[in-house]
Peer 1: 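Would you mind keeping the following structure in view while I ask a few things?
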Protein chains: 2
Amino acid sequence: MVKILGMKRLHIDRPLTLIGMEDEVDRLVAAWRRERPDLDVEPLEVLSRVSRLARHLDRARRLAFSEHGLEPWEFDVLTSLRRAGAPYQLSPGQLLTQTLVTSGTMTNRIDRLAKKGLVERLPDPSDRRGVLVRLTPEGRDRADEALAGLLAQERAILAQLSQSQRGDLAGLLRQLTAPFDNIPG
Amino acid sequence: MVKILGMKRLHIDRPLTLIGMEDEVDRLVAAWRRERPDLDVEPLEVLSRVSRLARHLDRARRLAFSEHGLEPWEFDVLTSLRRAGAPYQLSPGQLLTQTLVTSGTMTNRIDRLAKKGLVERLPDPSDRRGVLVRLTPEGRDRADEALAGLLAQERAILAQLSQSQRGDLAGLLRQLTAPFDNIPG
DNA sequence: CAATTATATCTCGACGTCAAGATACTTGTG
DNA sequence: CACAAGTATCTTGACGTCGAGATATAATTG
């Protein structure tokens, strides 16, 4: 790599063959530096990796869940209810905020889960506009099984990192997500 | 927090009020530890944050791009071509692997971009099955503008971290993405 | 060189999501 | 208490994606 005196090149040359492997984002960043040497594309080093990794995780999860006959979106809803604790019920509105989807989507999801017998809709006794969505016993079991499978898969992916690296990574990511999660982003 | 002797509790108590803010995943993990104290949910600390952050980034990007009259998927395709360098052309197949979508989706995307005059389809002179997708001058300009906007936004998000933290984060993420990007995941 | 297999792209129908608006109920105000 | 504003959920239509299969061309093999 060419050294350019006086130019802000804050990233450090890494001997990739020793420390780790090159990834798609390294290639992407190199391409931008070639095509747009006037731009500082350092942000992509972090945020493009986040997006791409998320994409890969989606695919991997889809696979893991299919072994339990669940779609990712089904898992999201069922586990939100499961986490709520007995009696495993939340309003559609509470489910919205947890799953980051719109209300139309959630109505549709609840419909389909109810048809499969994994949740049931109950009238909210304290607000007649409202509804409560409750996990059925089968829904609860399916959620628990799928969670165990997911964790096994995720542990395998994270085996790339040491325990302390995982802690560091979680901490750094928290710093980035906290503004979104706390300020109504 | 309760201390449980003899139990593997590898995460470290952090004084959140001093070091940073709690995020949605902290709440999620706390809920699981309450509902399923038998499970080790540590993997979620990293990978759920990756997924949720990616989701937030999608939304933020959508906003940034809309100022330039582009959708995120349009940006993905246009910038893939832009990065390729002059004459800014790639086959649909090359675009597939860069954007992680299926061939049916890419056909559709190219159709729509061509209708907007941002790309054009040319026959591949060396393979009559093939097609080349080429950026138009306007397509190139739009890609460059949108990229500048995106980088500005991402820099703002990353201002949460110091320079060295950004470097650390990029490195840790690379270790996780490299297996997906190199082994045909 | 014919037959087979592989590759590149496109077509098409099903599906999930979103955004905007509709409906029904509740809360706050005077 | 009446009325306006707010809230919770559902409905609807447009849209983008996927996945399986179709078509056309290339590469391989005997």
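Numbered from 1 within each chain, the chains take letters A, B, ... in sequence-line order. Only heavy atoms go into these numbers, but all of them, side chains included; no hydrogens, no water, no symmetry mates.
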Peer 1: Within the structure shown, what part of the strands sits under 4.0 Å from A:Asp127 by heavy-atom distance: base, sugar-phosphate, or nothing?
Peer 2: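 Result for A:Asp127 = sugar-phosphate.
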Peer 1: Is there a donor-acceptor pair closer than 3.5 Å between any side-chain N or O of B:Arg155 and the backbone N or O of A:Asp40?
Peer 2: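 Indeed, once roles are kept as given, a pair shorter than 3.5 Å links the two residues.
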Peer 1: Flag yes if more than 12 heavy atoms outside A:Arg62 fall under 6.0 Å of its CZ atom; otherwise flag no.
Peer 2: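 No.
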Peer 1: Taking NZ, NE, NH1 and NH2 as the nitrogens, is one of them in A:Glu45 or A:Arg33 under 4.0 Å from a carboxylate oxygen of the other?
Peer 2: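 Salt bridge between A:Glu45 and A:Arg33, a charged N being under 4.0 Å from a carboxylate O: yes.
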Peer 1: For the pair B:Asp26 and B:Arg49, find out whether any cationic side-chain nitrogen is under 4.0 Å from an anionic carboxylate oxygen.
Peer 2: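 Salt bridge present between B:Asp26 and B:Arg49.
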Peer 1: Counting only heavy atoms and a strict 4.0 angstrom limit, can you tell me which residues of residues 66-99 of chain B come near DNA chain C?
Peer 2: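 Heavy-atom contacts with DNA chain C come from B:Ser91, B:Pro92, B:Gly93.
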Peer 1: Tell me whether B:Glu74 is salt-bridged to B:Arg142, with the criterion being a basic N under 4.0 Å from an acidic carboxylate O.
Peer 2: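 Answer for the salt bridge query: no.
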Peer 1: Answer yes or no: side-chain N or O of B:Arg128 and base N or O of D:dT25 forming a donor-acceptor pair under 3.5 Å.
Peer 2: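 Answer no: no donor N or O sits under 3.5 Å from an acceptor.
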Peer 1: Nearest-Å distance, CZ (B:Arg62) to P (D:dC15)?
Peer 2: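 Rounding to the nearest Å, CZ of B:Arg62 and P of D:dC15 are 14 Å apart.
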Peer 1: Looking only at N and O atoms, is any donor in the side chain of B:Arg129 or the base of C:dT9 less than 3.5 Å from an acceptor on the other one?
Peer 2: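 Counting by modelled atom types and ignoring angles, no donor-acceptor contact under 3.5 Å is found here.
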Peer 1: Counting only N and O atoms by type, is there a donor-acceptor contact under 3.5 Å from the side chain of A:Thr97 to the main-chain atoms of A:Gln94?
Peer 2: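 Looks like yes, one N/O pair under 3.5 Å.
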Peer 1: What's the CG-P distance between B:Asp124 and D:dT25, to the nearest Å?
Peer 2: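 To the nearest whole Å, that distance equals 13 Å.
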Peer 1: Counting only non-hydrogen atoms, which of residues 100-118 of chain A are less than 4.0 Å from DNA chain D?
Peer 2: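 Contacts with DNA chain D under 4.0 Å: A:Ser103, A:Gly104, A:Thr107.
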Peer 1: Using 4.0 Å as the upper bound for N to carboxylate O, is an ion pair formed by A:Glu24 and B:Arg83?
Peer 2: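 A:Glu24 and B:Arg83: not salt-bridged.
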Peer 1: Looking at A:Gln153 and A:Ala60, would you say the former's side chain and the latter's main chain have a donor-acceptor pair under 3.5 Å?
Peer 2: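 Judged by distance alone, yes, a pair lies under 3.5 Å.
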Peer 1: Given the rule that I, L, V, M, F, W and Y join up when any side-chain heavy atoms are under 4.5 Å apart, are A:Leu39 and A:Val25 in one cluster?
Peer 2: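 The answer is yes; both residues are in one hydrophobic cluster.
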Peer 1: Distance check needed: D:dT9 C1' versus A:Leu122 CG, whole Å only.
Peer 2: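 For the pair A:Leu122 CG and D:dT9 C1', the rounded distance is 15 Å.
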Peer 1: What is the distance, to the nearest angstrom, from the CZ atom on B:Arg55 to the C1' atom on C:dC18?
Peer 2: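 To the nearest whole Å, that distance equals 11 Å.
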Peer 1: What is the nucleic acid contact for B:Arg121, judged by heavy atoms within less than 4.0 Å: base, sugar-phosphate only, or nothing?
Peer 2: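 Sugar-phosphate, no base atom in range.
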